[in-house]
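To find a chain, count down the sequence lines: A is the first, B the second, and so on, and within it residues start at 1. These figures come from a predicted structure and were not determined experimentally.
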Number of protein chains: 2
Amino acid sequence: MTLKELATRLDISTATVSNAFNRPDQLSTALRDRILREAKTLGYSGPDATARSLRTGRSRIVAVVLAESLTYSLNDAVASELLSGIAEVLDAHGRTLLLVSGRQHANRIPDSASMADGFIIYGLLPNRKMLADLPSRRPFVAIDYDLEGCPTVHVNNEQASYAIACHALAHLPQRPAVISLRLTKHPCNGRISAEQELLAASQTITHCRLQGFQRAFERYAIDPASVPMWNIEENTFAVCMPVIEEILDLPEGQRPTLLLCMSDRIALTALTLAEQRGLRVPDDLCITGFDGIAEGQYRAPRLTTVRQDSLAKGRLAASMILGKEPMTTTWLETELILGATCPPSA
Amino acid sequence: MTLKELATRLDISTATVSNAFNRPDQLSTALRDRILREAKTLGYSGPDATARSLRTGRSRIVAVVLAESLTYSLNDAVASELLSGIAEVLDAHGRTLLLVSGRQHANRIPDSASMADGFIIYGLLPNRKMLADLPSRRPFVAIDYDLEGCPTVHVNNEQASYAIACHALAHLPQRPAVISLRLTKHPCNGRISAEQELLAASQTITHCRLQGFQRAFERYAIDPASVPMWNIEENTFAVCMPVIEEILDLPEGQRPTLLLCMSDRIALTALTLAEQRGLRVPDDLCITGFDGIAEGQYRAPRLTTVRQDSLAKGRLAASMILGKEPMTTTWLETELILGATCPPSA
DNA sequence: CTGAAAGCGCTTACAG
DNA sequence: CTGAAAGCGCTTACAG
């Protein structure tokens, strides 16, 4: 059943039927009611979305392009929270959320993504050119990474890392270590050697976090070069585990006593493995995270970390896409969370 | 730039240009190469997805309709894992994932959802009639709840619950308690009184879980009516917490020594709160979960639970939608996970 | 191997 | 307040 058929049955024009659904003010109430009633009877549930979309040029769909795989993103607490924020705003405005991965098997964004009215790009795509096929006229908003010609929602990673490292380093004396996330140019799941090339700050937010840590080292008169660093390739339990085991299994005198982790997932894995080894946190080992995910706060001991408000990030990005907020690059605040894995010094 | 404009510029028909993109066998390689080259030069990135969709009747989008809000679903480990499984299969076949909530503010599914080529319905919708506006000709697959006229992907909740309860009750003597999830007809976040009406097994999978527990009680000669039950309204830390505090704060002799929880989230909240109170798990308190989420397994002590393979659920549902698996109702296996929160009896 | 023509289901100026 | 007509951008038998 199409609008045209319905019009024929009612012996009126398609324009009037269309108006009955879209512009109540364009026809009499009586006629409109009759049309709507008849539509229901005949099983016509309103204008076809695709046809309407072709005609009006708007689909009421907003796409989120994720730099990581959908599987990773959906299972990552930070990405999930971000998506929640986006979904919440889209929902409230009758928009629908299309999830697209930038790591498609074909390394190309599926055509169907281009139906969206706007695009939110989360993370650093493996290949910028993927975006070229997307309709450039429509609004784009980036999250976490600058994308030329479009506003970005940022968190001040350097400042947040500086803050938490300063908090942690106030305990003296300690042997700090850094556990970073995708910081090396070439894949490395383990200790970072001195000659290893690192990604630039423009290529990964974890470099910004590193800079914050290093500024804190300097403030506390610690030579940044003396602080051992380990790198983790994927922010999941399974991938974190072997690297952290390697660290915790170091002989007592060499084992770090403070782990500055670049994500809560890393920190929580360290916490679990430390507990399994009978290490006391924070007495034997202090641990700090980054992100402020729920899992770190609803457990004992509570994780000391810095919270980035991913929900707010998502809400803001979605609001910008919908034109409810100005399209301008914005830096969101972070908040230090003083948990028990690295308590304030006495 | 449209296909028609491109055809005009090249002085060939639109049919040929269309074939260049869709049916390489319908024209000479030379002509096709020329068309593709010229398209790239002129910035034409292929046929418009909406127009193609209108014409062919297929959008290559698959919609997942979630009974819960998107915010809840995205932050729930079970739903996320399910979505991962769906996304994985859709991705591999060039399909894109549209997320739709059945708890929209307007209590109506947005029109744009009807663009999808197929629908996966997850959970029990607050209102079945919402689906009426969706194109009934296209494939539908339900997950966890039967939906008339469409195949469902199920887990045998009763059997899984029976298995884990039997495992737990083998420790004797104990004072078991059940912490259920949305089991009461009317909202209740706390102890379930004897006169409280429960939802039927067809209305909630947790009733099936309860039946499994009760069968185990009978096997162990425990009067089901003697086992206290608490109900939780939402499977989140925040909502679980007050209920579990109430339980753990019971005087020593009344406090249950075994908590049969209907989700891992409930069990993990119980574990955290027990740890905070200095209760020893499993010595003072045994805890079992349901779901088998990662968070319960990558912590110390590991959660004793029963795993439902949400990933497999999602994969199967998506495969059915894409016609890669027969459209038939299927029951997936579960697996007992013997963790440390309720170890096998010595 | 290529093209003319119909039509997918709508919405929207515009005329009456 | 209502309707005739154009056109959104494409694909697909079909004819040549």
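- With hydrogens and angles ignored, the 3.5 Å screen pairs no side-chain donor or acceptor of A:Tyr122 with any backbone N or O of A:Glu68.
- The stretch residues 36-52 of chain B has no heavy atom under 4.0 Å from DNA chain C, so no residue of it qualifies as close.
- With B:Arg182 contributing its side chain and B:Leu199 its backbone, the two residues share no donor-acceptor pair below 3.5 Å.
- Pairs engaging residues 53-63 of chain B under the side-chain hydrogen bond (donor to acceptor under 3.5 Å, both in side chains) rule: B:Ser59-B:Asp117 [sequence neighbours left out].
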Name the atoms and distances for all side-chain donor-acceptor pairs under 3.5 Å in residues 106-116 of chain A, with sequence neighbours left out.
from	atom 1	to	atom 2	distance (Å)
A:Arg108	NH2	A:Asp133	OD2	2.9
A:Asp111	OD2	B:Arg52	NH1	3.2
A:Ser114	OG	A:Asp111	O	2.6

Heteroatom pairs (N/O) under 3.5 angstrom, protein to nucleotides 3-6 of chain D:
from	atom 1	to	atom 2	distance (Å)
D:dG3	OP2	A:Ser13	N	3.4
D:dG3	OP2	A:Thr16	OG1	2.9

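- Among the heavy atoms of the strands lying under 4.0 Å from B:Leu27 are primed sugar atoms or P, OP1, OP2 only; no base atom is included.
- With B:Ser319 contributing its side chain and B:Arg315 its backbone, the two residues share a donor-acceptor pair below 3.5 Å.
- Using a 4.5 Å heavy-atom cutoff, the side chains of B:Leu131 and B:Leu147 are in contact.
- Classification of the B:Phe21-B:Tyr44 ring pair by plane angle, with boundaries at 30° and 60°, yields perpendicular.
- With A:His154 as reference, A:Asp146 is the one residue of A:Asp146, A:Thr329, A:Asp144 to meet the side chain to side chain donor-acceptor pair (under 3.5 Å) rule.
- Closest contact between the side chain of B:Leu3 and the listed nucleotides C:dC1, D:dG9, D:dC10 involves D:dC10.
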Can you give me the N/O atom pairs linking the protein to nucleotides 14-16 of chain C at distances under 3.5 Å, or say none if there are none?
none

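- For the pair B:Leu6 CG and D:dG9 P, the computed distance is 14 Å after rounding to whole Å.
- No more than 12 heavy atoms of other residues, nucleotides or ligands sit less than 6.0 Å from atom CZ of A:Arg9.
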Only Watson-Crick and G-U wobble pairs with both distances less than 3.5 Å should count. Give DNA chain C in dot-bracket notation, marking inter-strand partners with |. |||.||||||||.|||
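- Residues B:Leu31 and B:Arg34 are in side-chain contact: their nearest non-hydrogen atoms beyond the backbone lie under 4.5 Å apart.
- Minimum interatomic distance between A:Gln308 and A:Asp291 (heavy atoms only, all atoms of both residues): NE2-OD1, 2.9 Å.
- Contact annotation for B:Arg58: no contact, since no heavy-atom pair falls under 4.0 Å across all strands.
- Distance A:Asn22 CG to C:dC10 C1': 9 Å, rounded to the nearest Å.
- Between the side chain of A:Thr330 and the backbone N or O of A:Thr328 there is at least one donor-acceptor pair closer than 3.5 Å.
- No donor-acceptor contact under 3.5 angstrom links the side chains of B:Thr71 and B:Ser69, judged on distance only.
- For the pair A:Ser18 and C:dT11, the criterion of a side-chain N or O lying under 4.0 Å from OP1 or OP2 is met.
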For side chain to side chain donor-acceptor pair (under 3.5 Å), just list the numbers for B:Gln104 and A:Asp91, CA-CA rounded to whole Å, side-chain angles, deciding distance to a tenth of an Å, and then say yes or no. CA-CA 6 Å; B:Gln104 227 70 17; A:Asp91 244 40; 2.7 Å; yes
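- When the P atom of C:dC10 is taken as reference, atom CG of B:Asp111 falls 11 Å away, rounded to whole Å.
- Atom CG in B:Leu54 sits about 13 Å away from atom P in D:dC8, given to the nearest Å.
- The distance from atom CD of B:Glu5 to atom C1' of D:dG7 is 14 Å, rounded to the nearest whole Å.
- Following rounding to the nearest Å, A:Arg60 (CZ) and C:dC10 (P) show an atom-to-atom distance of 17 Å.
- The interatomic distance linking B:Met115 (CE) with C:dC8 (C1') rounds to 14 Å, in whole Å.
- Distance A:Asp25 CG to C:dT12 C1': 13 Å, rounded to the nearest Å.
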